[in-house]
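In what follows, a structure is listed as structure tokens, so that the remarks can point back to it.
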Amino acid sequence: MSTAANAEKKDLRQLLTLGRSFWTVNLVFMLDGAGYFGVLNVLEFFLGSDGLKLSDDHATILISVLSGALTIFAALFGKLVDRAGVHRTILLTIVVAFFGRMLLGFAGASPFVVTTTTVALLLMAFSAGLMQSAVYAGVKATTTEATEAVGFSVPYALMNLGIILISVVSPFIRATSGSRGVILVCGAIAAVYLLIQLVGWREPLTRTVKGADELPDHPYREPAALLPARRHPLLDARFLFFIFILLGVRTLFAHQWLTMPNYIARAYSKSVAARYEWLTTINPLVVFIGTPFVAIVTRKIHVVNMMIAGTLISAAATFLLMSGPNFWLLIAYQIVFSIGECLWSSRFYEWVAKLAPKNQVGLYMGVAGVPWFLAKFTTGFYAGKMLTWLCPETGAQNTGLLWLIYGLVGMVSPIGLILGRRWLIRGTLQAQPS
């Protein structure tokens with residue numbers, strides 16, 4: 001067996017050495033992903049024809065409020081993880097998620113429908129934004145330098161497994177109880193993983209530091225002498241360029257819930273539209289299987305090179321939809337787009353967490369998410385108008401032009417990374433393990 005194969009086998013075995021707290025936060029993250037994305041899968045339907053009867057433009061703006069506020073809250077409250085600790089932060093996010101989803105499900109009964117819906121979405125955004133920071137901080141705290149590479153691939157993979165599970169059952173729920181039924185089920189799921197967190201989180205958090213003994217952490221503190229001296233991320237031009245250049249390709253992720261639901265419902269047959277959620281399982285399935293494998297195989301490849309390859313593949317996949325509605329090309333698009341995501345997404349989060357000083361993981365994760373906020377928030381303000389123009393519910397459609405425009409926007413990311421590659425590698429990124 002080759003040295004590389006032995007190393008990959010060793011990395012896989014390391015998963016078995018990770019403790020109870022590590023698997024608790026990851027199981028919670030998986031179920032939270034199921035609940036959050038279960039709502040997101042049907043939210044455009046619920047806000048529109050299947051529920052609150054809002055226009056395309058109004059619906060996509062509200063969805064952008066959810067996805068954009070998520071990132072704002074992650075940036076504003078990321079320090080809460082560092083101060084309150086992983087366990088207490090996760091408990092808070094679960095309770096808020098429960099109330100947010102339930103409030104959304106019953107928003108139609110309120111005399112102030114839009115206000116109630118907005119409040120519910122903001123509660124969900126707060127919960128989801130803080131949950132991500134808490135979980136990745138928990139992963140960092142419960143892994144060692146030897147296990148962190150494979151450890152950071154697990155939450156992203158398991159979150160996608162949660163999306164698969166809810167997407168498989170969602171069409172059956174929607175067929176009998178509508179999109180509102182799906183939302184209420186996702187609210188009930190939060191009660192399940194609240195219990196898991198309460199029962200499962202028992203081990204003290206520890207972290208191995210190079211050249212030091214393993215230290216007990218709460219939430220994951222180390223003596224100041226052990227913390228590396230790094231500049232604030234907002235003062236690092238390369239860091240800012242690196243995270244902001246991903247704006248283009250990140251808009252394509254936003255279109256998965258801002259454009260894809262109504263695109264499929266309007267441009268494809270009723271039988272395809274009725275099982276829309278099953279099509280959405282392709283992405284998380286590929287990511288679930290591929291992300292840990294890719295993380296292991298590519299662990300020695302520089303992060304910048306992984307970003308270029310991954311964003312190029314994801315953006316190029318969009319051009320498969322230019323020829324108009326075609327079921328098999330839609331399947332191919334989902335697969336190719338997801339392969340690109342496997343190449344760069346988890347490595348991006350790993351790099352940000354590694355760059356952060358031990359007691360500032362939440363802050364760095366929040367700053368790194370700011371461009372994601374811009375992509376999600378701004379996309380909603382034109383996605384509805386583009387649907388009305390190029391993919392209306394009735395009348396002539398030109399979906400090829402729709403995806404051509406979006407593909408060109410997505411290509412900004414790989415082109416920008418290629419142009420800035422040497423500058424990025426010469427600077428702070430070069431010092432980070434990849």
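Remark: the Asn283 side chain and the Ser338 side chain contain an N/O donor-acceptor pair separated by less than 3.5 Å. For Asn41 and Ser167, the side-chain atoms include at least one donor-acceptor pair closer than 3.5 Å.
Under the 3.5 Å distance criterion, the side-chain polar atoms of Thr60 are matched with a main-chain donor or acceptor of Gly380. With Ser413 contributing its side chain and Gly248 its backbone, the two residues share a donor-acceptor pair below 3.5 Å. Of the possible polar contacts, none joining the Arg421 side chain to the Leu417 backbone as a donor-acceptor pair under 3.5 Å is found. A donor-acceptor pair under 3.5 Å is absent between the side-chain atoms of Glu341 and the main chain of Gly310, judged by distance alone. A donor-acceptor contact shorter than 3.5 Å links the side chain of Thr318 to the backbone of Ala315.
Distance CD1/Ile264 to CD/Glu44: 10.5 Å, rounded to 0.5 Å. Here Leu320 contributes atom CG and Gln334 contributes atom CD; the two are 11.0 Å apart, rounded to the nearest 0.5 Å. Expressed to the nearest 0.5 Å, how far CD1 of Ile415 lies from OG1 of Thr311 amounts to 9.5 Å. Rounding to the nearest 0.5 angstrom, the gap separating the CD1 atom in Ile163 from the CD1 atom in Ile166 is 10.5 Å.
Considering Thr116, Thr117, Thr115 as possible partners of Val113, the one that fulfils the side chain to side chain contact (heavy atoms under 4.5 Å, CB included) test is Thr117.
No side-chain heavy atom of Ile313 sits under 4.5 Å from any side-chain heavy atom of Phe337. For the pair Phe46 and Val39, the minimum side-chain heavy-atom distance is 4.5 Å or more. Side-chain contact check for Val114 versus His58: some heavy-atom pair is nearer than 4.5 Å. Counting heavy atoms from C-beta outward, Ile94 and Val28 have side chains that approach closer than 4.5 Å. Side-chain atoms of Ile339 and Ile335, non-hydrogen and from C-beta on, do get closer than 4.5 Å to each other. Contact annotation: the side chain of Val42 approaches that of Ser170 to within less than 4.5 Å [non-hydrogen atoms, C-beta and beyond]. No side-chain heavy atom of Ile189 sits less than 4.5 Å from a side-chain heavy atom of Phe98.
In this structure, the ring of Phe319 has its center no less than 6.0 angstrom from the ring center of Tyr333.
Between Val139 and Pro155, the shortest heavy-atom contact is CG2-CG, 3.9 Å. For the residue pair Ala254 and Ala375, the shortest heavy atom distance occurs at CB-O, 4.4 Å. Taking all atoms of both residues into account, the shortest heavy-atom contact from Leu252 to Ser314 is CD1-O, 4.0 Å. The minimum heavy-atom distance between Cys342 and Val286, with the atom names listed, is SG-O, 3.5 Å. Nearest heavy atom pair, residue Ala120 against residue Gly100, reads CB-O, 3.4 Å. In this structure, Ile173 and Gly181 approach most closely via the heavy-atom pair CG2-C, 3.7 Å.
Applying the ring-ring contact (aromatic ring centres under 6.0 Å, His included) rule to Phe126 yields the partners Phe73, Phe77; only residues at least two apart in sequence or on another chain are considered. Residues passing the ring-ring contact (aromatic ring centres under 6.0 Å, His included) test with Phe241 are Trp423, sequence neighbours excluded. Remark: Phe327 engages Val272, Leu279, Ile331 in a side chain to side chain contact (heavy atoms under 4.5 Å, CB included) (not counting sequence neighbours).
Residue pairs meeting the salt bridge (charged side-chain N to carboxylate O under 4.0 Å, His left out) criterion with at least one member in residues 274-292, sequence neighbours excluded: Arg174-Glu277. Sequence neighbours left out, the pairs with a member in residues 264-284 that pass ring pair (Phe, Tyr, Trp, His ring centres under 6.0 Å) are Phe45-Tyr276, Phe172-Trp278, Tyr263-Tyr268. Under the salt bridge (charged side-chain N to carboxylate O under 4.0 Å, His left out) criterion, the residue pairs touching residues 253-274 are Asp56-Arg266, with sequence neighbours excluded.
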**Q.** Phe242/Val304 under side-chain contact (heavy atoms from CB on, under 4.5 Å): CA gap, chis, key distance, verdict
**A.** CA-CA 8 Å; Phe242 183 75; Val304 175; 4.2 Å; yes

